[in-house]
Each structure stands twice: as structure tokens, then as C-alpha cells.
Amino acid sequence: MSINKLILSSAVAFALTGCGGGDINIAPANSTSIGDTVTNVTNEGNTNTDVSCASYTLAGTVSQGSFDGTNCIYSKGFVDIDNPLTFDLAVPNIGTGVHVFEGSLVVGQNYSSDADLATAGLSEGGDGPVLTIAAGTTLAFRSADDFMVVNRGSQMRANGTATAPITLTSQTDAVFGTVGAEDVGEWGGLVINGFGVTNKCAYTGTYPAVATSDCHVASEGKADVGESHYGGDNNADNSGVLKYLIVKHTGAEVAPGNELNGIAFNAVGNGTLIENLEVYSVYDDGIEFFGGAVDITNYVAMYVRDDAIDIDEGYRGTITNALVIQSATDGNRCVESDGIGSYSSKDQATIDDFIARGLNSQATIKNLTCIISANQTGTHEEGQGLRIREAHFPTIQNAIVTASYGADELLGDTDHNWCFRLDNEGQQAAQDGDLVVASSILACQDLTKGNSLPNGTSTADWLTASGNLLYQTAESGDDPTATSNADLVILNGFYSVPVADMVVGTETIPTPVDSSIIGAVSADNDWTAGWTYGLHEGNRAQPLWFE
């Protein structure tokens with residue numbers, strides 16, 4: 001495969017020979033390029049006097065973003081759905097300026113057959129182009145028709161820092177400043193396709209020793225020329241690095257049942273490094289896992305209208321420290337977890353076979369705080385906690401799930417916002433010890449939903465027997481701090497109260513598993529400080545609704 005390398009610099013331009021015969025150009029700062037001719041661009045209105053928009057040279061022609069004095073603008077001729085990047089590209093930090101894309105940003109080409117992958121020279125370990133985004137950089141998109149895709153074999157290296165996070169957002173947000181605090185659907189979102197295991201494909205063997213061929217599952221998103229595919233049998237696949245990354249104001253319903261999320265992790269492998277990730281104001285799901293095994297450490301989801309964490313198709317990764325805050329008036333589930341893709345179309349023998357061979361979802365969630373809204377009429381459904389169904393056998397530890405900050409808004413409605421629901425094969429798995437919820441606290445008007453375990457034990461009794469605490473909140477709601485109800489002290493805002501200071505009725509507080517706290521984050525170890533948007537004063541559009 002020929003890969004034309006791109007290098008950015010503020011030095012004098014010169015040309016080298018690329019690995020496939022293409023040119024590598026280093027373009028000078030403050031310039032645009034037409035053909036092989038480089039012309040200067042002024043910096044009027046921008047305090048940064050050393051600006052160079054991203055550029056690449058292909059077949060002797062230099063393409064570069066146009067600097068308008070403040071921002072870098074990239075036309076559809078630079079990159080778009082039907083014009084993907086087939087070479088490495090670096091997007092530099094241009095100070096207060098924004099990189100604005102008039103179309104979609106697609107990294108690598110999409111292939112839908114083993115033969116095409118082989119012809120392109122792509123293996124299940126990578127080999128495709130790399131998109132590198134400098135710390136402190138903001139990328140913006142113009143409409144819900146525009147989104148980002150990192151195709152199989154390619155990588156996105158967004159290596160931000162606590163003092164210089166990377167932001168993916170809309171033009172209405174970053175350039176015009178007209179976006180509302182909870183506006184969604186301003187641009188499409190991020191899709192990452194990997195070569196990991198998804199039970200939408202057929203496999204031989206038992207996990208992890210599984211193999212497949214012609215595994216090419218169509219991703220949610222655009223069809224035809226915009227269609228992309230994921231899947232394989234390499235759960236160690238590497239799609240890059242996402243560190244201190246914020247994704248804002250995303251989501252779109254492409255078609256019924258086909259919706260763009262904040263980030264779709266499609267069979268992404270655990271060779272991918274993800275630390276300190278936030279999604280903010282999303283139409284559909286915050287992050288959705290379609291198989292794969294990628295791990296995430298430190299995740300914030302704010303104002304997600306559907307599921308903050310959605311698991312499906314055999315996902316096996318670990319999510320450590322997850323803070324979910326639903327909107328006061330909109331939001332569905334903190335966690336929706338399914339074990340088998342297209343579950344309703346499969347017979348019981350197939351489902352049992354998938355479980356026996358370890359192909360069902362088996363995620364681990366450690367230290368979750370889930371603050372549920374009081375809504376009963378959200379975009380998707382009412383605010384809810386954790387729903388485990390369709391042969392997902394997770395391990396959940398040190399969770400706080402609560403709807404206690406808010407009361408049910410519909411007086412007389414007895415179907416309140418609930419904390420926990422267990423369905424399908426999960427009930428047998430819970431009885432057998434293959435599904436674990438431990439050292440967690442649940443406080444809602446309705447604590448549990450779903451049927452009893454096969455032996456007749458209720459879900460609530462099983463949770464209690466497993467070392468969790470359940471607290472039935474008042475009809476009007478209970479602020480879970482000492483200032484409201486002395487019998488329920490678990491949170492101070494979104495911070496977990498120290499375990500020694502927690503109160504849940506007269507019950508003994510559980511001992512956290514491999515952690516000093518129950519919940520996602522504490523005031524004395526605040527990993528959200530300095531980089532997140534929407535949580536802290538000075539970097540948000542509105543106060544938290546429960547403050």
C-alpha cells in the first residue's frame with residue numbers, strides 16, 4: 001500500500017520522496033498552496049503570528065487548509081466522505097483558532113471484503129494512515145451530515161493533556177458561539193472501526209481462541225458512499241490514542257434505528273489507549289460499544305439523551321471511573337447493556353452456543369456514578385439507571401446509581417425512574433454467579449425492575465445478598481447529602497462522600513473493591529478538574545441542575 005506521509009513545519013518548504021512515490025512537503029507557516037506554488041497568508045485578526053494549517057502533497061499537488069485570519073478552513077476537496085485520507089495527516093494547534101471542516105473527516109479507506117483488505121495491504125494489526133491531532137486543538141464541523149470516521153487499520157492519535165484537551169465539536173459552538181448548553185445534533189459524531197470480535201460475525205472456537213473470515217459489519221451511520229465496516233478476530237487491535245478528548249453537541253438519526261452517537265466504538269481493540277474522555281450533549285448514546293475489548297479510564301457523560309454507556313455484540317473491555325449526569329429534563333439509561341447483536345432474531349440454541357463459547361458481552365464497570373434525571377418524557381424514554389439484558393454478563397463494582405436528586409415530575413405516575421433492571425439470561429447468570437454487582441449503592445423511587453431469578457429470588461434481594469445497599473427514596477425525592485436527609489448521605493454534588501462519612505439508613509456501608517471510594521470521583525482526587533466541560537464553574541454554560 002502506498003502511504004503519502006505529511007509533515008507540518010514553520011520552516012522553509014522542501015520536498016522529499018514518499019514511500020509510495022508520492023511527495024512529502026513541509027509547507028511554511030502562514031501559507032496556502034495552489035499546485036506546487038506556495039503563497040503567503042496574512043494573520044490579521046489573529047494574535048498567533050505563526051500559523052500553518054494542515055496540508056498534504058499528493059501527486060505533486062499541495063492541498064492545504066485556508067487560513068482566514070483566525071481559523072483554518074478545509075474544503076470537501078481536502079477531505080470528505082468520498083475523499084478519505086489515505087496518508088498520514090497532522091492537525092496542529094493554532095492557538096485560539098479552530099480547524100473547520102466543510103465535509104466529513106474520514107481517515108483511511110473502507111473495505112468490505114477480505115480480498116479488498118488483502119489487496120490494500122491491510123492486516124488486522126493496522127498498516128493504514130494515522131491522523132494526529134495536537135494537544136489543545138479544536139476541530140469543528142458544520143452540520144449533522146458531517147462526522148468523523150477512523151476506518152479499520154487506521155489510527156487517530158488525539159493526545160491531549162489536562163491543561164490542553166482536544167475538542168471535537170460543531171461550528172455553531174466553536175466559531176459562532178450560538179449553540180445552546182444542551183443542544184444536540186449540531187454535527188454527526190465520531191465513529192472508530194476496528195478489527196475486534198463482534199458476535200454479528202460467525203466464529204470458530206471458544207473465546208479468546210476464535211477465528212473468523214469475511215467479517216465486515218456495516219456501521220451505523222451513512223449508507224452508500226458513506227458506509228463503513230468493522231469486525232474481525234483481533235481484540236488486541238490498535239486504533240490509536242484518545243487522551244483528554246471532549247466530544248460535544250453530536251448525534252443524528254440517519255434512519256429509524258440508525259443513529260449517530262457521541263462516539264461509536266465498533267469492534268475496537270484493547271491496543272487502543274483511552275484515558276480522560278468526555279461526551280457532552282448528545283442526541284443518541286454517549287459511547288456505544290459494538291463488540292471489541294477497548295478499555296476506558298476516566299469517562300464523563302453529560303446531557304446524553306439516550307444511553308450514556310451502551311454495550312452490545314460481545315464487548316469485553318473495562319470502564320474505570322465513569323461519571324454520568326443526565327439532564328434535568330432529558331436522558332434515558334446510564335447503562336444499557338446487551339450481550340448478543342440482533343438478539344431477537346436468534347433462536348435459543350444459537351444464544352446458548354454463543355454463551356458457551358464466550359462470545360456474549362462480558363464488560364467490567366468499576367466505580368460508576370449515575371445521576372438520573374427526573375424526566376418521564378425524554379427524547380427516548382424516561383430517566384433510568386442500569387439495564388442488563390440479552391445475555392450480557394457484566395461485573396459491576398463500586399457504583400452509585402441514584403434518582404434521588406429529583407422527584408418524579410408527573411404527579412400520580414407510579415412508574416418512577418428506576419435504578420436497576422435485569423432481564424433474559426442475566427437472571428440465570430446472576431443466580432449462577434456469572435453476573436456480578438458488588439459494593440454498590442442504589443437509591444431511587446423505584447429500585448428494581450424485571451422478573452425474579454429462576455430460584456424465585458427477587459432482583460432486589462439478590463442485590464442485597466450480593467453486598468449492595470438499596471434505599472427507597474421519597475416520592476418527592478431525597479437530596480443524597482447530609483443537608484437534606486440524614487438517612488441518605490452518599491454524594492456532595494457529583495462527588496462521592498468518603499466511605500467513612502456515608503450513611504444509607506442504618507446499614508453498614510460496603511467495602512469498595514480495589515478502590516478507596518464508591519462512585520466515580522471524589523473531591524480530594526478530582527480527575528475531572530481542569531479539562532472537562534460543563535462540570536466546574538468557569539468552564540460551563542449553565543450550573544448543574546441539582547446544585
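Any value given below was found using the heavy atoms of this structure, including those in side chains, with hydrogens, waters and symmetry copies removed. As the structure is a computational prediction, the values presented were derived from the model and not from experiment. Here, residue 1 is the first one in the sequence, and each next residue gets the next number.
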Rounded distance [0.5 Å steps], CD1 in Ile319 versus CD1 in Ile296: 5.5 Å
Steps toward side-chain contact (heavy atoms from CB on, under 4.5 Å) verdict (Leu105, Met148): CA-CA 5 Å; Leu105 175 52; Met148 287 185 66; 3.7 Å; yes
Asn468 side chain vs Ser440 backbone, donor-acceptor pair below 3.5 Å: yes
Separation between CG of Leu386 and CG of Leu368, rounded to the nearest 0.5 Å: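 Result: 6.0 Å between the selected atoms.
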Side-chain ion pair, Asp514 and Lys366, N-O less than 4.0 Å: no
Six-ring centre of Tyr533, Lys248 cation under 6.0 angstrom, axis tolerance 45°: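 Lys248 over Tyr533 ring: yes.
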Aromatic plane relationship, Tyr495 with His536 - under 30° parallel, 30 to 60° tilted, over 60° perpendicular: tilted
Beyond-backbone contact of Lys243 with Asn159, side-chain heavy atoms, under 4.5 angstrom: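 Contact flag for Lys243/Asn159 side chains = yes.
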Side chain proximity check, Asn270 to Arg316, heavy atoms < 4.5 angstrom: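 No, side chains not in contact.
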Donor-acceptor contact present, side-chain Gln427 to main-chain Leu422, <3.5 Å: yes
Spatial distance of atom OG (Ser219) from atom CG (Leu260) [nearest 0.5 Å]: 8.0 Å
Lys/Arg-Asp/Glu bridge criterion (N-O < 4.0 Å) met for Arg389, Glu336: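 Looking at Arg389 and Glu336, the cut-off is met.
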Main-chain N/O of Ile371 paired with Gln326 side-chain donor or acceptor, under 3.5 Å: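 Between the backbone of Ile371 and the side chain of Gln326 there is no qualifying donor-acceptor contact (under 3.5 Å).
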Any side-chain heavy-atom pair of Ile400 and Met502 under 4.5 Å: yes
Ser361 side-chain N/O to Ile340 backbone N/O, donor-acceptor pair under 3.5 Å: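 Such a contact is absent between Ser361 side chain and Ile340 backbone.
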Under 3.5 Å donor-acceptor, Thr272 side chain and Ser239 backbone: yes
Over all atoms of both residues, closest heavy-atom pair of Gly240 and Gln155: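 Looking at all heavy atoms of both residues, the shortest contact is N-CG, 3.8 Å.
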Ile287 side, atom CD1; Ile274 side, atom CD1 - distance, nearest 0.5 Å: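 Reported to 0.5 Å precision, the distance equals 8.0 Å.
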Taking every non-hydrogen atom, the tightest pair across Cys419 and Leu442: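 Shortest heavy-atom separation between Cys419 and Leu442 comes out as CB-CD2, 3.7 Å.
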Side chain Thr532, main chain Thr528, donor-acceptor under 3.5 Å: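 Pair found, side chain donor or acceptor close to backbone of Thr528.
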Heavy-atom closest contact (Leu469 atom, Pro510 atom, distance): CD1-CD, 3.6 Å
Over all atoms of both residues, closest heavy-atom pair of Asp501 and Val489: O-CG1, 3.9 Å
Asn525 side chain to Ser522 side chain, donor-acceptor N/O pair below 3.5 angstrom: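 No, no side-chain donor-acceptor contact under 3.5 Å.
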CA sep, side-chain torsions, deciding dist, call: Tyr207, Gln362, side-chain contact (heavy atoms from CB on, under 4.5 Å): CA-CA 11 Å; Tyr207 191 86; Gln362 298 183 42; over 6 Å; no
Which atom of Thr169 lies closest to which atom of Ala174, heavy atoms considered: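 Result for this residue pair: CG2-CB, 3.7 Å.
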Verdict with reasoning, Val401 to Cys334, per side-chain contact (heavy atoms from CB on, under 4.5 Å): CA-CA 9 Å; Val401 182; Cys334 288; 5.6 Å; no
Within 6.0 Å of CD in Glu547, more than 12 heavy atoms from elsewhere: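 Yes, because the 6.0 Å sphere around CD of Glu547 holds more than 12 heavy atoms from other groups.
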Residues which pass side-chain hydrogen bond (donor to acceptor under 3.5 Å, both in side chains) with Ser143, listed by chain and number, not counting sequence neighbours: Asp146
Centroid-centroid under 6.0 Å between Phe141 and His249 rings: no
Heavy-atom side-chain proximity of Pro512 to Val499 below 4.5 angstrom: yes
Donor on one side chain, acceptor on other, Glu425 and Gln348, under 3.5 Å: yes
Under 3.5 Å: donor-acceptor pair, side chain of Asn93, backbone of Ala134: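 Checked: no pair found.
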pair Met302-Phe494: side-chain heavy atoms closer than 4.5 Å: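 No - every pair of side-chain heavy atoms lies 4.5 Å or more apart.
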Tyr471 and Val504, any side-chain heavy atoms less than 4.5 Å apart: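 Heavy-atom side-chain distance check passes, below 4.5 Å.
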Spacing of Asp295 atom CG and Thr318 atom OG1 [to the nearest 0.5 Å]: 5.0 Å
Check: Val437 and Ser466 side chains under 4.5 Å, non-hydrogen atoms: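 A side-chain contact is absent here, since even the closest heavy-atom pair is not under 4.5 Å.
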Chi angles and distances behind the side-chain contact (heavy atoms from CB on, under 4.5 Å) call for Arg421, Arg333: CA-CA 11 Å; Arg421 180 168 179 169; Arg333 294 171 187 147; 5.7 Å; no
From CG (Leu168) to OH (Tyr280), nearest 0.5 Å: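 Result: 16.0 Å between the selected atoms.
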Donor-acceptor under 3.5 Å (Ser515 side chain, Val513 main chain): no
Expected output: side-chain Tyr283 to main-chain Glu186 donor-acceptor under 3.5 Å: no
Asp237 side chain to Tyr230 side chain, donor-acceptor N/O pair below 3.5 angstrom: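 On atom types as modelled, these side chains do not qualify, holding no pair under 3.5 Å.
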Student check: side-chain heavy atoms of Ile388 and Ile396 closer than 4.5 Å: yes
Thr350-Asp347 side chain donor-acceptor pair, cut-off 3.5 Å: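 Yes - a donor-acceptor pair under 3.5 Å links their side chains.
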Closest non-hydrogen atom pair, Ser496 against Gly519: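 Residues Ser496 and Gly519, closest heavy atoms: OG-CA, 3.4 Å.
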Backbone N/O of Glu390 and side chain of Asn424: donor-acceptor pair under 3.5 Å: yes
